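In what follows, residues are counted from 1 in the order of the sequence shown. Source: prediction; values computed, not measured.
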Amino acid sequence: MTFGEQPAYLRVAGDLRKKIVDGRLPPHTRLPSQARIREEYGVSDTVALEARKVLMAEGLVEGRSGSGTYVRERPVPRRIARSGFRPPAGATPFRQEQADGEARGTWESSSEQTEAGGAIAERLGLQAGERVMRTKYVFRDAGETMMLSTSWEPLAVTGRTPVMLPEEGPLGGMGVVERMRAIDVVVDNVTEEVGARPGLSEELLALGGVPGHVVLVIQRTYYASGRAVETADVVVPADRYRIAYHLPVK
């Protein structure tokens with residue numbers, strides 16, 4: 001192989017990808033067998049296998065037990081809105097996370113006290129091992145799981161107060177800003193960092209993905225006078241959703 005030349009398996013994968021994208025291999029069509037790929041492209045079984053692995057990792061094809069490998073239906077990415085404008089008081093957790101006036105959906109949540117690990121402790125400005133309230137959410141739209149979220153709040157801030165449990169009590173589900181205001185903590189800043197990574201096995205199981213699928217992770221932290229009062233990871237499947245921001249200009 002000369003300098004700049006692609007490995008054989010990437011060249012084969014690239015040609016098959018082009019056929020999928022331009023419709024010559026439409027959704028639900030069986031991908032050529034390993035033997036067919038070997039003969040058509042003049043490559044070894046190893047190269048044919050690696051090319052198929054690339055397409056599977058990209059989410060373009062999927063294996064069906066005892067049947068073969070098939071081209072996946074390509075979803076049209078839907079929009080998840082994020083906004084610099086505060087949602088109205090009383091907005092549901094689904095509405096707060098999607099920040100879209102037309103957002104409708106259902107959610108489940110569960111909270112438990114735990115110790116802050118190194119990364120979460122750093123985000124919250126705590127010492128590793130300090131107690132936090134961890135709340136996990138599953139958001140669904142039309143019955144389909146579209147988003148996962150895990151939040152952590154320092155019990156040094158919320159412990160022994162009416163807002164200790166984010167989704168229970170008199171202010172359950174009211175959102176971080178409203179809940180913190182109820183205990184005289186004024187949230188004045190929020191940061192969000194968006195990244196991408198391969199989904200964890202438990203995330204992909206919940207989101208309906210397959211190993212190798214990429215997820216978008218929104219790492220959000222609320223601050224009050226420079227002190228972090230909540231941090232969260234919001235996880236969405238990258239092949240089905242795009243993150244759209246609407247930010248106010250002052």
Side-chain angles (χ1 to χ4, degrees), residues 1-80 82 117-119 136 138-150 192-220 233-245:
M1 183 175 66
T2 60
F3 178 77
E5 184 181 355
Q6 281 189 322
Y9 76 95
L10 290 181
R11 286 189 284 108
V12 174
D15 190 66
L16 291 170
R17 184 189 304 111
K18 184 177 179 181
K19 291 178 179 178
I20 292 171
V21 171
D22 66 20
R24 282 178 286 167
L25 285 173
H28 310 296
T29 299
R30 185 173 180 176
L31 195 72
S33 67
Q34 189 167 310
R36 176 75 178 274
I37 292 174
R38 182 189 64 213
E39 294 171 5
E40 182 174 345
Y41 293 95
V43 296
S44 67
D45 281 332
T46 300
V47 168
L49 178 61
E50 290 302 313
R52 289 155 64 93
K53 286 182 178 179
V54 168
L55 298 177
M56 292 188 76
E58 293 175 350
L60 294 173
V61 301
E62 60 184 354
R64 299 180 186 174
S65 180
S67 180
T69 304
Y70 291 80
V71 177
R72 292 183 69 228
E73 188 85 44
R74 297 181 66 201
V76 177
R78 296 167 58 191
R79 179 174 172 269
I80 291 180
R82 311 293 293 178
K136 295 184 177 182
V138 178
F139 297 93
R140 296 186 176 89
D141 185 14
E144 176 185 284
T145 302
M146 61 170 294
M147 187 189 325
L148 307 174
S149 177
T150 304
E192 290 195 352
E193 297 182 10
V194 182
R197 59 166 171 75
L200 305 178
S201 57
E202 58 268 27
E203 293 170 340
L204 296 176
L205 181 62
L207 293 167
V210 299
H213 277 194
V214 172
V215 295
L216 299 174
V217 182
I218 304 167
Q219 188 180 104
R220 180 195 65 213
D233 286 340
V234 182
V235 179
V236 296
D239 63 334
R240 282 183 273 157
Y241 295 94
R242 292 176 179 167
I243 309 300
Y245 281 86

Does Phe139 reach the side chain of Val236, with side-chain heavy atoms less than 4.5 Å apart? no
Hey, does Leu60 have a side-chain heavy atom less than 4.5 Å from the side chain of Arg17? yes
Test item: Val47 and Tyr41 side chains (from C-beta on) under 4.5 Å apart, heavy atoms: no
Going by salt bridge (Lys or Arg N to Asp or Glu O under 4.0 Å), name the residues that satisfy it together with Arg220, two or more places apart in sequence or in a different chain. Glu97, Glu230
Using the salt bridge (Lys or Arg N to Asp or Glu O under 4.0 Å) criterion, which residues pair with Arg11? Sequence neighbours excluded. none
Salt bridge (Lys or Arg N to Asp or Glu O under 4.0 Å) with Lys136: which residues, sequence neighbours excluded? none
For Asp233, which residues count as a side chain to side chain contact (heavy atoms under 4.5 Å, CB included) partner, sequence neighbours excluded? Arg123, Trp152, Val217, Gln219
Would you call Glu50-Lys53 a salt bridge at under 4.0 Å N-O? yes
Sequence neighbours left out, what passes salt bridge (Lys or Arg N to Asp or Glu O under 4.0 Å) with Glu144? Give chain and number order. Arg240
Can you tell me how far CE of Met56 sits from NE2 of His213, rounded to the nearest 0.5 angstrom? 8.5 Å
Check whether any side-chain heavy atom of Val215 sits under 4.5 Å from a side-chain heavy atom of Leu148, and report yes or no. no
Hey, are the side chains of His28 and Tyr70 touching, using non-hydrogen atoms and a 4.5 Å cut-off? no
Would you list the atom pairs, donor with acceptor, under 3.5 Å between side chains in residues 193-210 and any protein atom, with sequence neighbours excluded?
{"from": "Arg197", "atom 1": "NH1", "to": "Glu203", "atom 2": "OE1", "distance (Å)": "2.9"}
{"from": "Arg197", "atom 1": "NH2", "to": "Glu203", "atom 2": "OE1", "distance (Å)": "3.4"}
{"from": "Arg197", "atom 1": "NH2", "to": "Glu203", "atom 2": "OE2", "distance (Å)": "2.8"}
{"from": "Glu203", "atom 1": "OE1", "to": "Leu200", "atom 2": "N", "distance (Å)": "2.9"}

Output, in order, the C-alpha distance, side-chain angles, deciding distance and verdict of side chain to side chain contact (heavy atoms under 4.5 Å, CB included) for Ile80 and Leu216. CA-CA 11 Å; Ile80 291 180; Leu216 299 174; over 6 Å; no
Side chain to side chain, Tyr241 and Met147, heavy atoms closer than 4.5 Å: no
When you measure from the side chain of Arg30 to the backbone of Ser67, do you find a donor-acceptor pair of N or O atoms at a distance under 3.5 Å? yes
Is there side-chain contact between Tyr9 and Val54, with heavy atoms separated by less than 4.5 Å? yes
Roughly how far apart are Thr69 OG1 and Leu55 CG, rounded to 0.5 Å? 9.5 Å
Could you tell me if the side chain of Arg74 sits less than 4.5 Å from the side chain of Val21, heavy atoms only? yes
